[in-house]
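Before any comments, here is the structure.
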Amino acid sequence: MFIANLLYYGGYLAFFLGIYLVIRTFLRNRKNIQAIKRQEKENLARKTAFQNAPIMEKLEAIQLNDIIVHWEKSYQVIGKMKLIEMTWDENDNHIRTGRYFPIISVDDNKALVSMPKGEGVDIIWFFFQKESLNSSLTNYFLGTDENPGPAMIFADSEQMAEVIFQLPQKEEKWKMTDVGSFFFEASGLNFVKGKGETRHILAQNIENPKKYLLYFDLLEGQGSNAIFVGETLNPETEIEYVLR
């Protein structure tokens with residue numbers, strides 16, 4: 001009799017337990033489906049907002065593997081950097097100005113670069129080609145106390161002097177337009193990794209005002225110095241699409 005009752009009530013218990021498990025699984029699956037739908041809706045909203053944003057905002061929000069179409073040629077983003085503008089206080093301590101400038105690395109050692117246009121608030125964009133650098137140019141740009149280089153002369157003049165120079169064993173003439181330093185944050189494939197600090201030197205070609213030279217002197221972090229040469233870029237008219 002005891003065994004019969006046990007089997008009887010056990011059957012009921014198993015039945016209701018089975019129903020409970022089915023309902024719980026159903027509710028859990030429905031909750032997961034709802035969460036997935038919410039995520040898909042949020043992703044679609046972000047994608048739509050990105051597609052409708054101005055080109056400049058797209059370039060600032062760009063991610064690895066996004067596609068940039070420039071003059072009908074597509075480039076995939078393989079790396080990106082944020083250059084964080086620095087200044088100094090009266091005790092020579094670094095202070096962030098709150099401005100930052102993106103560098104977007106694409107294939108073939110090319111990069112879209114945003115930089116301050118000298119001293120002030122103006123921003124200028126470039127499409128640069130990274131060039132081979134057999135040896136550091138830092139000593140050339142800085143020089144010595146007795147024989148200062150073009151970057152040191154320009155910096156000592158508070159970036160007001162007209163400083164013309166030629167790179168060693170090169171014929172092109174350049175005019176200094178900006179010097180300074182940035183903290184950087186990098187991801188993907190760039191000439192630097194992670195976080196650190198770099199100095200930069202920006203110069204304009206004398207014969208071709210659209211052509212610029214940009215030199216990075218790595219101060220702290222992983223990577224190497226780099227030199228880029230290229231022309232100015234107007235993203236609003238020259239960048240056709242930014243896709244993700």
Main-chain N/O of Gly196 paired to Glu220 side chain as donor or acceptor, under 3.5 Å: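 Absent.
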
Kindly check if the number of other-residue, nucleotide or ligand heavy atoms within 6.0 Å of CD (Glu240) is above 12?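 More than 12 within 6.0 Å, yes.
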
Would you indicate whether Glu236, at its atom CD, is surrounded by more than 12 heavy atoms from other residues, nucleotides or ligands within a distance under 6.0 Å?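 Count over threshold, so yes.
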
Take Thr138 and Tyr215 through the test side chain to side chain donor-acceptor pair (under 3.5 Å) and record every step on the way to the result. CA-CA 9 Å; Thr138 302; Tyr215 178 68; 3.0 Å; yes

Starting at [atom1] of [X], measure out to [atom2] of [Y] and round the result to the nearest 0.5 Å.
X      : Y      : atom1 : atom2 : answer
Leu243 : Asn65  : CG    : CG    : 13.0 Å
Asn109 : Phe191 : CG    : CZ    : 12.0 Å
Ile78  : Ile104 : CD1   : CD1   : 12.0 Å
Leu233 : Leu59  : CG    : CG    : 8.0 Å
Met176 : Leu202 : CE    : CG    : 8.0 Å
Asn205 : Lys175 : CG    : NZ    : 11.0 Å

Please answer: with hydrophobic residues joined when any side-chain heavy atoms are less than 4.5 Å apart, are [X] and [Y] in the same cluster?
X      : Y      : result
Leu219 : Ile201 : no
Leu218 : Leu142 : no
Val229 : Leu167 : yes
Ile164 : Leu137 : no
Ile153 : Leu213 : yes

Would you sort out whether Thr198 and Val192 count as a side-chain contact (heavy atoms from CB on, under 4.5 Å), showing the intermediate values? CA-CA 10 Å; Thr198 181; Val192 293; 6.0 Å; no

Is the shortest heavy-atom distance from the side chain of [X] to the side chain of [Y] under 4.5 Å?
X      : Y      : result
Leu214 : Phe128 : yes
Phe216 : Leu133 : no
Arg199 : Val179 : no
Phe184 : Leu83  : yes
Ser136 : Phe141 : no
Lys211 : Trp174 : yes

Do you know which two heavy atoms are closest between [X] and [Y], and how far apart they sit?
X      : Y      : value
Gln63  : Arg244 : CG-NH2, 3.3 Å
Pro209 : Gln204 : O-NE2, 2.7 Å
Pro235 : Ile55  : O-CG2, 3.6 Å
Ala226 : Lys130 : CB-CE, 4.1 Å
Val69  : Ser74  : CG2-OG, 3.8 Å
Ser105 : Leu189 : CB-O, 3.5 Å

Are Phe165 and Phe154 an aromatic pair by the rule of ring centers under 6.0 Å?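 Phe165 vs Phe154: aromatic centres not under 6.0 Å.
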
Is the distance between the ring centroids of Phe101 and Phe182 less than 6.0 Å?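 Ring centres of Phe182 and Phe101 closer than 6.0 Å.
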
Over 60° means perpendicular and under 30° means parallel, so tell me whether His70 and Phe127 are parallel, tilted or perpendicular.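 Correct class here is perpendicular.
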
Per the side-chain contact (heavy atoms from CB on, under 4.5 Å) rule, which among Glu197, Lys195, Glu185 passes with Ile84?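 By the side-chain contact (heavy atoms from CB on, under 4.5 Å) criterion, Ile84 pairs with just one of Glu197, Lys195, Glu185: Glu185.
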
side-chain contact (heavy atoms from CB on, under 4.5 Å) for Ile62 and Leu112? Distances and angles first, verdict last. CA-CA 12 Å; Ile62 207 160; Leu112 277 76; over 6 Å; no

Criterion side-chain contact (heavy atoms from CB on, under 4.5 Å) on Lys58 and Asp66, from CA distance to verdict: CA-CA 10 Å; Lys58 289 182 180 180; Asp66 287 352; over 6 Å; no

Dump the intermediate steps for side-chain contact (heavy atoms from CB on, under 4.5 Å) on Tyr212 and Asp178, then the final yes or no. CA-CA 11 Å; Tyr212 280 76; Asp178 190 47; over 6 Å; no

